[in-house]
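What's counted below: heavy atoms across the whole structure, side chains too, no hydrogens, waters or symmetry copies. Residues: numbered from 1 along the sequence shown.
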Amino acid sequence: MSQTTKVTVADVIADRFIQSLKNGIAPWQKPWVAVNPQNGVSRYSGVNAFTLAFFGSDDYYLTFNQIKALGGQLEAGTKGLPVTYFAQVEDKKKPKVAGAKADTFLLARYYTVFPVNKCNLPDFKRANKVINFTPVESAEKLASLNTCPVTHGGNSAHYSPSAH
């Protein structure tokens with residue numbers, strides 16, 4: 001009698017991290033570009049935002065069926081990424097009591113999404129990114145003193161008083 005091992009959502013995500021580490025990449029290091037993963041309707045959050053930000057290549061992701069429905073095609077060899085969600089499932093093992101609500105529980109599931117930049121989607125509209133920035137007057141005064149200049153570049157984000 002053979003037993004099949006069920007792959008969990010945690011297994012799928014952990015495997016990605018393990019493979020990345022085997023390839024010499026620590027996926028939790030800050031990428032030097034900001035990403036806001038979304039599916040065209042809403043932004044991903046939690047472990048989904050984390051996974052897509054570190055392993056993805058775009059800000060927009062769609063399922064294979066969404067790509068097909070939009071008339072697009074996926075580039076050959078494109079690997080998808082897991083996105084988790086929780087489905088409310090009725091407990092079929094517990095006997096039902098007449099007139100009572102069915103017992104339910106949440107079950108972790110995942111589906112696979114693909115980066116839009118790996119698809120041929122001629123009519124796909126990306127949201128215009130608008131950053132609302134209001135400088136703080138007192139901070140701007142300090143910055144204008146030039147006692148601690150801000151520089152960009154290099155291979156890490158840090159403050160180094162000895163560099164000035």
Donor + acceptor pair across side chains of Thr104, Asp91 (<3.5 Å): no
Between Asn23 and Ser20: side-chain donor-acceptor atoms closer than 3.5 Å: no
Give the minimum heavy-atom separation between [X] and [Y], together with the two atoms involved.
X: Pro82; Y: Asn48; answer: O-OD1, 4.5 Å
X: Thr112; Y: Gly80; answer: CG2-CA, 3.4 Å
X: Ala87; Y: Arg109; answer: CB-CG, 4.4 Å

Residue of the set Tyr60, Tyr44, Phe50 for which side chain to side chain contact (heavy atoms under 4.5 Å, CB included) holds with Pro37: Tyr44
From CA spacing to verdict: side-chain contact (heavy atoms from CB on, under 4.5 Å), Ser57, Lys118: CA-CA 9 Å; Ser57 63; Lys118 298 290 184 182; 4.3 Å; yes
Close aromatic pair by centroid cut-off 6.0 Å: Phe17 and Phe55: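 Centroid distance Phe17-Phe55: below 6.0 Å, so yes.
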Minimum side-chain heavy-atom gap [X]-[Y] below 4.5 Å:
X: Tyr61; Y: Gln38; answer: no
X: Leu62; Y: Leu70; answer: yes
X: Thr63; Y: Phe114; answer: no

Asp58 side chain to Asn117 backbone, donor-acceptor under 3.5 Å: yes
Whether Thr51 side chain and Val47 backbone form a donor-acceptor pair below 3.5 Å: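 At least one qualifying donor-acceptor pair exists.
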Working for side-chain contact (heavy atoms from CB on, under 4.5 Å), residues Leu52 and Val113: CA-CA 9 Å; Leu52 294 174; Val113 294; 3.9 Å; yes
Is [Y] reachable from [X] through a run of I, L, V, M, F, W or Y residues, each pair having side-chain heavy atoms under 4.5 Å apart?
X: Ile13; Y: Tyr85; answer: yes
X: Val83; Y: Phe86; answer: no
X: Leu81; Y: Val7; answer: yes

How long is the gap from [atom1] on [X] to [atom2] on [Y], to the nearest 0.5 Å?
X: Lys22; Y: Asp15; atom1: NZ; atom2: CG; result: 8.5 Å
X: Gln73; Y: Ile67; atom1: CD; atom2: CD1; result: 10.5 Å
X: Arg16; Y: Ile18; atom1: CZ; atom2: CD1; result: 12.5 Å
X: Glu90; Y: Asp103; atom1: CD; atom2: CG; result: 8.5 Å

Whether over 12 other heavy atoms sit under 6.0 Å from Tyr110 OH: no
